[in-house]
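Inspection log for the structure reproduced underneath, given as structure tokens.
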Amino acid sequence: MRPIYLDYAASTPADKAVLNAALPYYSNVFYNPASTHILGQKAEAAVRNAREKCAAAIGANAEEIYFTSGGTEAINWAMRSLPLGKRHVVVSALEHDAVISCARVLEKSGYEISYVRPNRMGTVTPEALNAVMRDDTALVCVMTVNNIVGGIQPIKALCETAHKFGALFFTDAVQAVNSLDLDVRKSGVDMLAVSGHKFYAPKGVGFLYVKRGVALDAFIVGGGQERGMRAGTVDVPAVVAMGEAAERAVALRESYLEHSKAVADAFLKTLRFCEPIICADKTDDISCIMFRNNKQYVNGGRLAVALSLAGVCCSVGSACSAGSATPPRTLIEMDVPHPESAVRFSFGRPTSVTAAKNAARIVNATVERLTK
Ligand code: PLP
């Protein structure tokens with residue numbers, strides 16, 4: 001039997017339409033978009049079109065979009081290219097390792113870092129942010145959707161708080177593209193990072209939005225690509241794929257929301273022994289759940305391994321931290337009572353309600369077996 005994949009927060013498959021859009025740029029239109037001849041300009045037109053599509057998906061202008069190799073690079077760029085000056089940075093304690101690791105690098109180079117904790121419902125409140133803000137805060141980083149529990153943060157209000165203190169606001173929106181309207185003019189964010197492989201584009205491509213007027217240093221120097229800010233020949237097929245995927249994510253959003261709600265409801269209703277982690281506001285495509293039978297909590301790592309053998313692929317944390325013996329930081333920061341018991345299930349466009357119910361039955365049987 002083919003395993004049931006419930007780990008779409010780790011990666012989504014590249015969409016067929018997305019691949020078809022990209023394919024010609026590997027062969028017939030393989031040219032270097034920086035070449036000034038007529039053939040190079042064909043590739044350049046495709047890059048321009050892709051940039052416009054990515055910009056449109058978040059309500060930005062094309063010249064505010066910088067292509068990167070994915071979410072991690074976009075995050076590194078946003079956080080590690082600050083102009084010298086203010087020396088304080090605020091990071092939410094819920095962030096992905098990419099953000100936390102950048103904060104540690106900033107700390108080594110002399111920045112002071114404040115970590116702002118979420119409440120028990122997984123929300124970083126504007127009040128909590130306000131309490132750690134300073135006049136010398138350069139940057140505030142709070143993710144849009146948490147990758148472990150799916151919690152949605154009040155980005156607009158947090159951004160307003162940061163701006164009140166003259167700080168820039170950056171959001172890691174890697175897990176948000178499928179479910180949320182990311183209009184940067186409405187939220188007011190200064191920088192936003194996304195990653196193609198979380199919204200049905202291939203791996204190895206993403207983008208950073210930088211609001212016009214925000215001064216960032218170049219991230220990779222060399223040629224003049226990405227307006228001299230990120231040198232290196234642009235991966236034309238990858239950005240074409242991402243442009244198509246971004247456009248589709250917006251067009252399919254309503255049906256995605258309906259679908260992920262139906263799948264999550266079916267999954268949760270079929271599950272037994274389960275204690276889902278509750279957030280004040282969350283997306284339906286991620287469910288983080290603790291399991292208990294006869295007063296005995298099941299270890300999440302043990303359960304995920306047993307489920308993989310039984311035909312359900314899920315995870316205990318982000319794929320980037322797989323193998324870590326400690327539970328995800330998000331759960332610890334939320335004061336979840338048994339974080340070591342939590343398992344993350346995440347659903348995608350291809351997940352059917354039937355597959356979700358079948359997976360839940362396998363989970364039930366596995367939990368029962370492990371707690372006998
Ligand atoms: N931020 C979040 C919230 C993520 O979930 C991930 C990937 O799991 C990343 C950043 C890193 O993105 P990428 O895999 O494109 O480097």
Side-chain angles (χ1 to χ4, degrees), residues 5-14 18 54 57-58 65-80 91-105 118 122-124 141-153 155 158 169-180 182 189 191-209 219-220 230 235 238-239 241-242 245-246 249 279 282-283 285-288 304 313-324 328-331 333-334 342 344-348:
Y5 179 76
L6 296 184
D7 201 15
Y8 287 89
S11 200
T12 62
V18 166
C54 290
I58 59 163
I65 302 297
Y66 295 88
F67 293 128
T68 66
S69 68
T72 301
E73 184 188 317
I75 289 165
N76 271 261
W77 191 353
M79 294 185 68
R80 296 177 58 197
V91 172
S92 102
L94 290 174
E95 299 297 302
H96 185 271
D97 276 352
V99 170
I100 300 289
S101 301
C102 285
R104 292 194 181 127
V105 171
T123 307
V124 175
C141 311
V142 184
M143 68 204 314
T144 304
V145 170
N146 178 265
N147 54 308
I148 305 296
V149 294
I152 301 171
Q153 299 303 327
I155 293 300
L158 292 169
F169 189 89
F170 163 62
T171 188
D172 166 359
V174 165
Q175 293 290 348
V177 180
N178 296 308
S179 296
L180 297 189
L182 293 177
V189 302
M191 293 180 280
L192 175 147
V194 307
S195 169
H197 75 109
K198 308 292 182 172
F199 59 97
Y200 303 89
K203 290 163 194 61
V205 66
F207 70 79
L208 177 66
Y209 155 78
F219 190 59
I220 302 177
R230 198 256 187 192
D235 185 338
V239 303
M242 182 168 60
C279 294
K282 73 179 275 303
T283 61
D285 53 5
I286 297 180
S287 282
C288 193
C313 294
C314 58
S315 63
V316 277
S318 72
C320 315
S321 321
S324 160
R329 186 171 38 247
T330 296
L331 305 181
E333 294 294 338
M334 283 173 69
R344 178 186 75 178
F345 301 93
S346 47
F347 315 112

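Scope of the values below: all heavy atoms of this structure, side chains included, with no hydrogens, waters or symmetry mates. Counting starts at 1 for both ligands and their atoms, in listed order. We number each residue from 1, following the sequence as shown.
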Taking salt bridge (charged side-chain N to carboxylate O under 4.0 Å, His left out) as the test, write out the residues that go with Glu73, two or more places apart.
Arg230
For ligand 1, which atoms sit closer than 4.0 Å to a heavy atom of [X]?
X	answer
Ser195	13 (P), 15 (O)
Met143	3 (C)
Gly70	15 (O)
Thr72	11 (C), 12 (O), 13 (P), 16 (O)

Relative to ligand 1, is Val174 under 4.0 angstrom through side chain, backbone, both or neither, heavy atoms considered?
side chain
Considering only heavy atoms, does Ile75 approach ligand 1 within less than 4.0 Å through its side chain, its backbone, both, or neither?
side chain
For a quick check under 3.5 Å, do Ser92 and Glu95 share a side-chain donor-acceptor pair by atom type?
yes
Is there a donor-acceptor pair under 3.5 Å between the side chain of [X] and the backbone N or O of [Y]?
X	Y	value
Asn146	Thr330	no
Thr12	His197	yes
Thr171	Leu192	no

On a heavy-atom basis, I'd like to know which of Asn147, Val194, Asp172 is closest to atom 2 (C) of ligand 1.
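Looking at heavy atoms only, Asp172 sits closest to atom 2 (C) of ligand 1.
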Decide whether an N or O pair under 3.5 Å exists between Ala98 and ligand 1.
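For ligand 1, there is no N or O atom that lies under 3.5 Å from one belonging to Ala98.
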How are the rings of Trp77 and Phe219 set to each other: parallel, tilted or perpendicular (split at 30° and 60°)?
parallel
Please confirm whether [X] approaches ligand 1 to less than 4.0 Å, judged on its heavy atoms.
X	answer
Lys198	yes
His197	yes
Val99	no

What distance separates Ile220 CD1 from Ser69 OG, expressed to the nearest 0.5 Å?
7.0 Å
Residues passing the ring pair (Phe, Tyr, Trp, His ring centres under 6.0 Å) test with Phe347, sequence neighbours excluded, are Phe267
